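Indexing begins at 1, ligand by ligand and atom by atom, following the structure's order. Because the structure is predicted, anything quoted here is derived from the model rather than measured.
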Amino acid sequence: MQEKGTISIHTENIFPIIKKFLYSDHEIFLRELVSNAVDATQKIKRLAQLGQYSGELGDTTIEVAFDKDKKTITITDKGLGMTAEEIKKYINQIAFSGATEFVEKFKDAKDANEIIGKFGLGFYSAFMVAKTVEINTLSYQEGAEPARWTCDGSTEFEISEGDRKERGTEITLHINEDSEEFLDKWKLQGILDKYAKFLPVPIKFGTKTESVEDGVDDKGEKKWKSVEVDNIINTTSPIWTKSPSDLKDEDYLAFYKELYPMSEDPLFWIHLNVDYPFNLTGVLYFPKVKNDFEFQKNKIKLFSRQVFITDEVKDIVPEFLMLLHGVIDSPDIPLNVSRSFLQADGNVKKINNYITKKVADKLGELFKKGRKVYEEKWNDIGLFVKYGMISEDKFAEKGKDFTLLKNTKGELFTLPEYKEKVSAIQTDKEGNTIYLYATDADKQDAFIQSAGKKDYDVLLMDSPIDSHFIQHLETKEEKTQLKRVDADVVDKLIQKEDNYENLLTEEQSNKVKEIFEKAINSQTYSVAVEGLSPEELPVTVTMDEFMRRMKDMAQMGGGMSFYGAMPDNYKVAINGNHPVIDKVLKAESEEDQTRLAKQAFDLALLSQGLLKGKDLTEFVKRSVELI
Ligand SMILES: Nc1ncnc2c1ncn2[C@@H]1O[C@H](COP(=O)(O)OP(=O)(O)OP(=O)(O)O)[C@@H](O)[C@H]1O
C-alpha cells in the first residue's frame with residue numbers, strides 16, 4: 001500500500017500561514033499533540049469499558065522524547081491508533097468548515113489559540129516547529145494494518161504501510177532549523193510543566209535518578225542506591241477532580257503550595273463542582289490580600305479537561321474575583337475564540353454568575369458558622385468583599401449579610417447591626433441617618449473626640465476602596481448619608497432641632513467675623529460664626545464633604561478635573577458660644593484681638609495637622625510669647 005495525495009484544503013498556502021501567524025506561541029504544538037495522545041488514550045479506555053475492545057489495555061503511559069542528533073521530537077501513545085482510512089479522514093481533511101473562511105479570518109487572528117481551535121488545526125500546529133511530520137500508527141481494531149503518514153509541510157502527503165507493532169500512535173517531528181531551541185531537555189520540561197502537569201494520563205519524559213533503600217551495611221544501617229526511574233511529569237488526579245469529601249485541609253494546602261510555591265498559606269478555599277447547565281470543577285483560594293490594593297491578578301489557571309489553557313481568565317471570572325488564586329477546569333468555556341465573543345457567550349455568563357454565587361455562599365457560611373474567626377480575617381477579606389459589593393449586584397445581594405463595618409474603636413458590625421446601632425441617635429431632623437467616618441484616625445482625632453462627646457459613632461474607612469464603598473452604601477442603604485467626621489462641626493454634620501443658638505448679637509458676630517478674617521488673611525478660608533456647644537472647640541476648620549469627595553475623585557483620575565483645578569477651600573467655624581471668642585471680642589487693643597484670633601485659628605489647624613512650615617514656626621514663637 002502506497003499512496004500519494006493532496007491534503008484537501010482547497011488552498012495551497014496553509015502551512016506558510018500557520019508558520020507565520022502562529023509564530024508567537026509556537027510552543028503550543030506540544031500541548032496540542034500531547035492532548036491528542038491523551039484523547040486517544042481516554043478513548044481506548046472508554047472502548048474497553050464499553051466492552052468494544054477486549055484486548056489488553058496494558059500500560060498506557062504516554063511518552064515524550066527528543067533526539068538532539070536526529071533533531072526529532074516524538075510523542076508516543078498507546079491509545080486507539082488510526083487506520084490508513086482514518087488518517088485520510090481525520091488528518092488529511094483538515095477539520096475546518098471552509099478554507100476560504102479560514103484564509104479570510106486568519107488575517108485578523110490575534111493569537112495562535114484563535115486559529116488552532118476554531119479550525120481544528122491542533123495536529124497541524126506541529127508544522128510550526130517541524131519541517132516534516134511522521135505518523136506511525138496501529139489501530140486497536142481487529143486485523144488493522146499499521147500505517148505511516150509523512151508530510152513535509154507542503155500540501156503533499158504520503159501514506160504507506162507502517163511497521164508499528166503496538167497499538168497506538170507515534171508522532172515524529174523533524175524539527176526545522178528555526179526551532180532547534182525545542183531540542184532541549186529544560187525547554188521541553190518547562191512546556192510540559194506548563195501545559196501537561198495535570199493531564200489525566202501519565203506522561204513520561206526521560207528518566208530521573210532516585211535513591212532507594214538497598215539493604216543494610218555491616219553496622220546495620222540502611223544503605224541507599226541510585227536508580228533511574230521514569231520521569232513522570234504529571235499528577236493524573238489533581239485535587240479538583242476529586243470529591244471534596246475525600247479531601248482534607250492538608251490536601252488543599254499542599255496543592256496551593258504546588259501551584260504557588262512562594263506564597264503564604266491561603267485564608268480559605270472553595271471547591272467548585274457543577275455539571276449542569278455547564279461543566280465546571282475547580283478550587284479557588286482566598287489569598288491574604290494586602291491593604292495596599294496591590295492586586296495579584298492572573299493567578300487563576302484555566303484548564304479544559306486538565307489541559308492548561310491560560311492564566312488570563314479576565315472575561316471568565318468576574319473582575320472582583322481576580323484576586324483569588326487556584327484553578328478552574330471547564331470544557332464548556334470556548335477557549336479559542338476572541339475576547340469579544342467570550343463576553344457575549346452564554347456559558348461564560350452563567351459560569352461567571354455561578355462562581356460569584358459560590359463565593360458569596362462560602363463567605364456567608366463562614367460568617368454564620370464562626371463569626372469570631374470571620375472577624376479575625378476581616379482585615380484580609382474586607383477589601384475583597386467591598387470590591388465585590390461595589391462591582392457585582394448579584395454578590396451585593398448576598399454580601400449585605402456578611403459585609404462588616406469597622407468603627408474607630410475597632411468594633412465590627414454587619415450593615416443591619418450598624419444601622420440599628422446608630423439610627424436612634426444619629427438621625428437628623430430630615431429623618432436621614434448619618435454615618436460618620438474617619439479616613440485617618442490620628443489626623444482626625446479632634447473631630448472623632450467631638451463626635452464621641454455626643455455619643456456618636458465614627459466608622460473607620462481607611463482603605464483605598466472605601467471612597468467607592470461609601471458611595472455604594474449611600475445608594476443601597478435607605479435614607480442614609482455618610483459624612484467624613486471633619487466635614488463640618490459636629491452639630492452641623494447631624495443637624496437636630498435642638499441645636500445651640502448663637503448667643504452673640506448680630507453686631508458682635510459680624511465683629512468676630514471681621515477680626516478672624518483679618519487675622520487669617522487668606523482666600524482659602526471662609527469664616528462663619530455659629531452657635532455651637534461651649535464644650536466644642538472655639539474654632540474648627542473643615543472641608544465640605546461634597547467638595548472633598550469631588551477633589552478626591554479628581555485626584556484619582558475620576559474625571560472631575562474641574563474640581564481638581566479649584567483651590568482648596570476650607571470653612572472656619574467660629575463657636576460664638578465659646579468663652580475664648582468672648583475673650584477675643586473683649587481684648588483691649590486691635591492688635592491683641594488679632595493675636596488671640598490667630599492663636600485660636602492656628603490651634604484648630606494644628607489639631608488637624610494642617611499647620612506647617614513658616615506658619616507652624618510663627619505659632620510656636622507666638623505661643624512662647626503668650627506664656
Ligand atoms: N494521537 C492520536 N491518536 C489517534 N487519533 C489521533 C491522534 N492525533 C490526532 N488524531 C485524530 O486526528 C483528529 C484531528 O486532530 P486535531 O488535533 O487536528 O484536531 P482535534 O483534536 O479533533 O481538535 P483540536 O485539537 O482542535 O481540539 C483527531 O480528532 C483524531 O481523530
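Every atom of ligand 1 is numbered from 1 in the order shown, and the set under 4.0 Å from a heavy atom of Phe123 is 16 (P), 17 (O), 18 (O). Which parts of ligand 1 touch Glu32 is read off a 4.0 Å heavy-atom cut-off, strictly below it: atoms 25 (O). Near Ile91, the atoms of ligand 1 lying under 4.0 angstrom from a non-hydrogen atom of the residue are 12 (O).
Residues Gly81 and Thr169 share a closest heavy-atom pair of CA-OG1, 3.5 Å.
No hydrogens or angles considered: nothing links the side chains of Asn234 and Gln306 as a donor-acceptor pair under 3.5 Å. Between the side chains of Ser243 and Ser245, at least one donor N or O lies within less than 3.5 Å of an accepting N or O.
Nearest to atom 2 (C) of ligand 1 by heavy-atom distance, out of Asp77, Leu33, Val34, Thr41, is Asp77.
Ring centroid separation for the pair Tyr90 and Phe123 does not come in under the 6.0 Å cut-off.
Geometrically, Lys350 does not engage Phe278 in a cation-pi contact, judged by NZ or CZ lying under 6.0 Å from the ring centre and within 45° of the ring axis.
Residue Asp39 has no N or O atom closer than 3.5 Å to an N or O atom of ligand 1.
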